[in-house]
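Step one of this worksheet: look at the structure below.
Quantities reported herein were computed from a predicted structural model and do not represent experimental measurements. For the numbers below, each heavy atom of this structure counts, side chains included, while hydrogens, waters and symmetry mates do not.
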There are 2 protein chains.
Amino acid sequence: MSVGHTEVTGGDAPAELSCAQDCGVRDVQDRLGDKWTVHVVVELAGGVRRFGELRRLVPGISQRMLTLTLRRLERDGLVTRTVHATVPPQVEYELTPTGHDLTRLVRALVDWSLAHRGSIAEARRAYDDRRRP
Amino acid sequence: MSVGHTEVTGGDAPAELSCAQDCGVRDVQDRLGDKWTVHVVVELAGGVRRFGELRRLVPGISQRMLTLTLRRLERDGLVTRTVHATVPPQVEYELTPTGHDLTRLVRALVDWSLAHRGSIAEARRAYDDRRRP
DNA sequence: CGGAATCCTCGAAGATACTG
DNA sequence: CAGTATCTTCGAGGATTCCG
């Protein structure tokens, strides 16, 4: 099995992982690996959401982290930010097409972890028991 | 679109994301999000590897981080560790079936980032240009 | 060779306070 | 309401040293 390596000469396989250290994979890892992005994306998958709405939908997130998370998503073109010049102010966030495609990856993540949740927990118990008798 | 929510009563959809705060998804996020696991898994996808071999195959990784990364993978039942009582010592690592399945997720990650690499870089430039004229 | 133990740095994330 | 600005904490990860 080969995860990544495409022969540069004539390959049609999907990826070469080590193209000049990571070729952008780190960006995705950083988004998917941080504490809040996945949660925010999941809520945005439900449609347009306002800032305070997201704050309520993602329990435990601080105002600061919600702002940072949304800004990063916006910067990467995964989310649009629409300011309505009303009073009080009203800001709406929505997934872009690319952002929606990200939810497919998130779903793959969730599916995988659910599929192997049991075996991992078991392996972990076994390992810990071996180490701490 | 709904990424996660399965009605507990009779749903057959794949996942409920907020089952008691994350239901194991964080574990996978932590592995996939950290700095080295993906690289190590990719190399192990090529077959059995010795410690020093991995050290050479994953450029930049420290001895400590390679050890930690492998231990975590072993603890989760994704990698087996085989010590040959030779001199000098020889330790071999290999993906378990679950570990091999993890490579499918890694591949999805790599594929996604390659597919959207361009649009993300572009969005990022546009965003930065808007903010710093 | 394949680690374990220790020390240190630095950035992610939390808490709090202020503002257009 | 939807932020920005500061300060602080905490842990991942790096460097180094020692060991069976």
Side-chain angles (χ1 to χ4, degrees), chain A residues 21-22 25-41 43-44 48-76 79-94 127-128 130-132, chain B residues 21-22 26-41 43-44 48-76 79-94 127 130-132:
Chain A
Q21 259 67 30
D22 263 346
V25 177
R26 265 252 57 93
D27 291 332
V28 187
Q29 280 183 274
D30 286 343
R31 287 314 96 239
L32 261 51
D34 75 3
K35 199 168 177 181
W36 299 111
T37 300
V38 166
H39 296 276
V40 171
V41 166
E43 295 307 329
L44 284 173
V48 179
R49 295 281 182 258
R50 293 183 52 183
F51 186 89
E53 208 171 348
L54 286 171
R55 192 148 164 47
R56 266 172 276 116
L57 288 168
V58 182
I61 196 170
S62 67
Q63 203 170 39
R64 174 181 135 84
M65 287 316 296
L66 181 55
T67 301
L68 283 180
T69 303
L70 287 168
R71 285 291 179 280
R72 288 191 285 237
L73 288 169
E74 188 195 359
R75 184 166 107 100
D76 288 352
V79 156
T80 59
R81 176 173 181 268
T82 311
V83 182
H84 299 279
T86 60
V87 46
Q90 178 166 351
V91 182
E92 290 181 333
Y93 293 91
E94 186 174 17
Y127 182 93
D128 293 345
R130 244 177 293 137
R131 288 249 146 184
R132 319 259 164 180
Chain B
Q21 261 66 32
D22 264 347
R26 265 252 57 91
D27 292 331
V28 187
Q29 279 183 275
D30 286 342
R31 288 315 97 237
L32 260 51
D34 75 3
K35 199 169 177 180
W36 300 111
T37 299
V38 166
H39 296 277
V40 170
V41 166
E43 295 306 329
L44 285 173
V48 179
R49 296 280 181 259
R50 294 183 52 182
F51 186 88
E53 209 172 347
L54 286 171
R55 192 149 164 46
R56 266 172 277 116
L57 287 167
V58 182
I61 196 170
S62 67
Q63 204 172 37
R64 173 183 138 85
M65 286 317 296
L66 181 53
T67 301
L68 283 180
T69 303
L70 288 168
R71 285 292 178 281
R72 289 192 284 237
L73 288 169
E74 189 196 357
R75 184 167 109 100
D76 287 353
V79 156
T80 60
R81 176 172 181 269
T82 311
V83 182
H84 299 279
T86 61
V87 44
Q90 179 167 349
V91 182
E92 290 182 334
Y93 293 91
E94 187 175 16
Y127 183 93
R130 243 177 294 137
R131 288 252 146 183
R132 318 260 165 178

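In the interface, the side chain of B:Arg64 is not paired with the base of C:dA5 through any donor and acceptor atom under 3.5 Å apart.
Separating the CZ atom of A:Arg56 from the C1' atom of D:dC1 is a distance of 11 Å, rounded to the nearest angstrom. Atom CD1 of B:Ile61 is separated from atom P of D:dA15 by 12 Å (rounded to the nearest Å). Distance, A:Arg55 CZ to D:dT4 P: 14 Å, rounded to whole Å. The distance between atom CG of B:Leu66 and atom P of C:dG2, rounded to the nearest whole Å, is 10 Å. Atom-to-atom, CG of B:Leu68 to C1' of C:dT6 comes out at 13 Å; the value is rounded to the nearest Å. As a whole-Å value, the separation of B:Met65 CE from C:dG3 C1' is 15 Å. With rounding to whole Å, B:Arg131 atom CZ is found 7 Å from D:dT4 atom P. Distance, B:Leu32 CG to D:dA12 P: 17 Å, rounded to whole Å.
Ranking D:dG14, C:dG14, D:dA2 by closeness to the A:Arg50 side chain, first place goes to D:dA2. Listed candidates were D:dC1, C:dG2, D:dG13. Nearest to the side chain of B:Val91 is C:dG2. Listed nucleotides: C:dG14, D:dG14, C:dG3. Nearest to the side chain of A:Ser62: C:dG14.
For the pair B:Thr37 and B:Asp34, the tightest heavy-atom approach, listed with the atom from each and the gap, is OG1-OD2, 2.7 Å.
Inter-residue side-chain proximity for B:Arg72 and B:Trp36 is flagged as unmet; no heavy-atom pair is nearer than 4.5 Å. The shortest distance between side-chain heavy atoms of B:Leu70 and B:Phe51 falls below 4.5 Å. Looking at B:Leu44 and B:Leu54, their side chains come closer than 4.5 Å, going by heavy atoms from C-beta outward.
Comparing A:Thr67 and A:Pro88 against DNA chain D, the residue whose closest nucleotide sits nearer the 5' end is A:Pro88. Along DNA chain D, the nucleotide nearest to B:Arg72 and the one nearest to A:Leu70 differ in position, and the one closer to the 5' end is contacted by A:Leu70. For the pair A:Gly60 and A:Gln63, nearest-nucleotide mapping onto DNA chain C gives the more 5' position to A:Gly60. The nearest heavy atom of DNA chain C to A:Asp34 and to B:Glu92 marks one nucleotide each, and the one closer to the 5' end goes with B:Glu92.
A close approach under 4.0 Å does not occur between any side-chain nitrogen or oxygen of B:Arg81 and OP1 or OP2 of C:dG2.
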Test salt bridge (Lys or Arg N to Asp or Glu O under 4.0 Å) on A:Asp30 and A:Arg26; report intermediate values, then the result.
CA-CA 6 Å; A:Asp30 286 343; A:Arg26 265 252 57 93; 2.8 Å; yes
